[in-house]
Number of protein chains: 2
Amino acid sequence: MSESTGLRARKKERTRDAIGDAAVSLFLERGFDRVSVNDIAAAAEISKPTLFRYFPTKEDLVLHRFADHQGEAARVVRDRRSGIKPVTALHRHFRAGLDRYDPVTGLNDHPEVVAFHRLVFTTPSLAGRLTRYQLEDEEALADALGEGIQARLRAAQVLAVQRVLARTNWQKIADGRTAHDVHPEAVADADQAFNQLQ
Amino acid sequence: MSESTGLRARKKERTRDAIGDAAVSLFLERGFDRVSVNDIAAAAEISKPTLFRYFPTKEDLVLHRFADHQGEAARVVRDRRSGIKPVTALHRHFRAGLDRYDPVTGLNDHPEVVAFHRLVFTTPSLAGRLTRYQLEDEEALADALGEGIQARLRAAQVLAVQRVLARTNWQKIADGRTAHDVHPEAVADADQAFNQLQ
DNA sequence: ATGACCGGGTTGCTTTTTTAACCGAGTAAC
DNA sequence: GTTACTCGGTTAAAAAAGCAACCCGGTCAT
């Protein structure tokens, strides 16, 4: 019947996007701590309290792009077809990400994406807060994998692997190579890493 | 000090413009009574009560472009330099309008403007409401001109002249001529009409 | 003529946003 | 060493917007 999302919800989403986009674009332009939240609010044409109603902290203005993938690993494991091993599901998921050059795999050479990753990795407070997100992600994955120390270890190892793979890809691209050029190595690395996990 | 208009005021103005523009554009496209206020609200991405908070009636969605000039004649008279006669001030003001092809003078050949005027003149409820605006305008001008029946008569005559001039100009343009082409005649007509008023 | 719409316009109630003021930590000036 | 910034983040009150439900007058079936 109606596919309308509702006026309120639509505007909220747009406001959120406007804030996030304004923030990232200013951060890329001048660096994380050379931009005040006031600047961002002004650029997004909203007030400061409104900004903080959408994003709890200044760091989250950057990290929401990661946060959108929050719990993805756990979901992949939970939603896998029966008969498929968790690691296999995660392996395939990561490979699919590589094939569509998903920014989270590090295999993306759009200048903005590269600059964005550099921003995150070179700003201490951002890197710090990012690991907190990863911890939550890890817990969720652990819960999806089962109980006890075994599941925890497994989860930590899988996510560690993904982080290493992504950073490796990003590094190669930061060195000037194209995503397309790096793709085969990225796939090979991923295959090797995930197979060793089995 | 501050040259900022304030967030609230700026957004209000933008919303108002969005509603007005959406309305006029829909009216021009389909005709006044083939567009419901719901359509307009949807196009402007606001709710119906919000629409009516900005415009008291459906007619005002069209007429706000005239309403923005509400009280202009009175203001021109009040703000005239000392030593200038009221009719002279109004005459100069109208001529200035002609020179910049202000739509209210009827001397404007932008297709949208022409269509807009046709819309107003051929839709009874709009024409009706427009005269109500003109009455208020007339009262304001009368007050600016002084007291008593004398001022009233003067005000009515001046505004009648302006209406005739504007309609004459519009008619010539509706017949296919360009504003630039009509301009000299419009100036001559205005000079003659205002001089007769003295 | 009854009941079911549709149109313009209104009414409460709730959610969202603005505003201005403030807190607490840092830091530069004098 | 105080004063006075700036910056991240919060609070309370008031304005604005959304939503759903309604009123009223038409119009069109049945």
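Quick note on labels: first sequence line is chain A, next is B, and so on, each numbered from 1.
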Nearest-Å distance, [atom1] ([X]) to [atom2] ([N])?
X: F52(B); N: dA17(D); atom1: CZ; atom2: P; result: 15 Å
X: K12(A); N: dC19(D); atom1: NZ; atom2: P; result: 12 Å
X: L51(A); N: dT10(D); atom1: CG; atom2: P; result: 11 Å
X: L61(A); N: dC7(D); atom1: CG; atom2: C1'; result: 14 Å
X: N38(A); N: dC7(D); atom1: CG; atom2: P; result: 7 Å
X: K58(A); N: dT6(D); atom1: NZ; atom2: C1'; result: 12 Å
X: E13(B); N: dA17(D); atom1: CD; atom2: P; result: 13 Å

task = Taking all non-hydrogen atoms of both residues into account, name the closest pair between L63(B) and L126(B) and its distance.
result =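 Closest approach of L63(B) to L126(B), heavy atoms only: CD1-O, 3.9 Å.
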
Which pairs of donor and acceptor atoms, one on a side chain in residues 144-165 of chain A, lie under 3.5 Å apart (sequence neighbours left out)?
| unit_1 | atom_1 | unit_2 | atom_2 | d |
| --- | --- | --- | --- | --- |
| R152(A) | NH2 | D143(A) | OD1 | 3.4 |
| R154(A) | NH1 | L197(A) | O | 3.1 |
| R154(A) | NH2 | L197(A) | O | 2.9 |

Residues which pass side chain to side chain donor-acceptor pair (under 3.5 Å) with [X], listed by chain and number, not counting sequence neighbours:
X: R95(B); value: D191(B)
X: N108(B); value: H110(B)
X: T122(A); value: none
X: S25(B); value: none

query = Using a heavy-atom distance cut-off of less than 4.0 Å, which residues of residues 16-29 of chain A contact DNA chain C?
reply =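 Output list: empty, so none.
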
key: Where chain A begins and ends its contact with DNA chain C, read 5' to 3' at 4.0 Å from heavy atoms   =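 Here the contact window of chain A covers dT15(C) to dA20(C).
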
query = How would you list, by chain and number, every residue that makes a ring pair (Phe, Tyr, Trp, His ring centres under 6.0 Å) with F55(A), sequence neighbours excluded?
reply = H64(A)

Residue list, ring pair (Phe, Tyr, Trp, His ring centres under 6.0 Å) with Y101(A), at least two apart or on another chain =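 Expected list: H183(A).
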
query = When only distance counts, do a donor and an acceptor, one from the side chain of R53(B) and one from the base of dA17(D), lie under 3.5 Å apart?
reply =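 Answer yes: a donor N or O sits under 3.5 Å from an acceptor.
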
query = Which pairs pass ring pair (Phe, Tyr, Trp, His ring centres under 6.0 Å) with one or both residues in residues 20-47 of chain B, sequence neighbours excluded?
reply =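 Those involving residues 20-47 of chain B are F27(B)-F32(B).
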
request  = Produce a footprint string for nucleotides 21-27 of chain D: one letter per nucleotide, 5' end first; B if the base is under 4.0 Å from any protein heavy atom, S if only the sugar-phosphate is, - if neither.
outcome  = -------

request  = Please say whether the positively charged group of R167(B), taken as NZ for Lys or CZ for Arg, lies over the ring of F121(B), i.e. under 6.0 angstrom from the six-membered ring centre and within 45 degrees of the axis.
outcome  = yes

Five-pair end axes of the helix from dG8(C)-dC23(D) to dC30(C)-dG1(D) and the angle they enclose, rounded to 10° =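 About 30° separates the two local helix axes.
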
task = Considering just the side-chain nitrogens and oxygens of Y54(B), establish if one lies under 4.0 Å of OP1 or OP2 belonging to dA16(D).
result =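 No.
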
query = Of S36(A) and K11(B), whose nearest nucleotide on DNA chain D comes first from the 5' end?
reply = S36(A)

Contact nearer the 5' end of DNA chain D, comparing T57(A) with E45(B) =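 Result of the comparison: T57(A).
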
inquiry  = For R16(A), is there an ion pair with D21(A) - N to carboxylate O distance below 4.0 angstrom?
reply    =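 Here D21(A) does not pair with R16(A) in a salt bridge, since their nearest N and O are not under 4.0 Å apart.
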
query = So, are R177(B) and D181(B) salt-bridged, with charged N and O less than 4.0 Å apart?
reply = yes

task = For the residue pair D102(B) and T105(B), confirm or rule out a side-chain donor-acceptor distance under 3.5 Å.
result = no

Any donor-acceptor pair under 3.5 Å from K172(A) side chain to T178(A) backbone = no

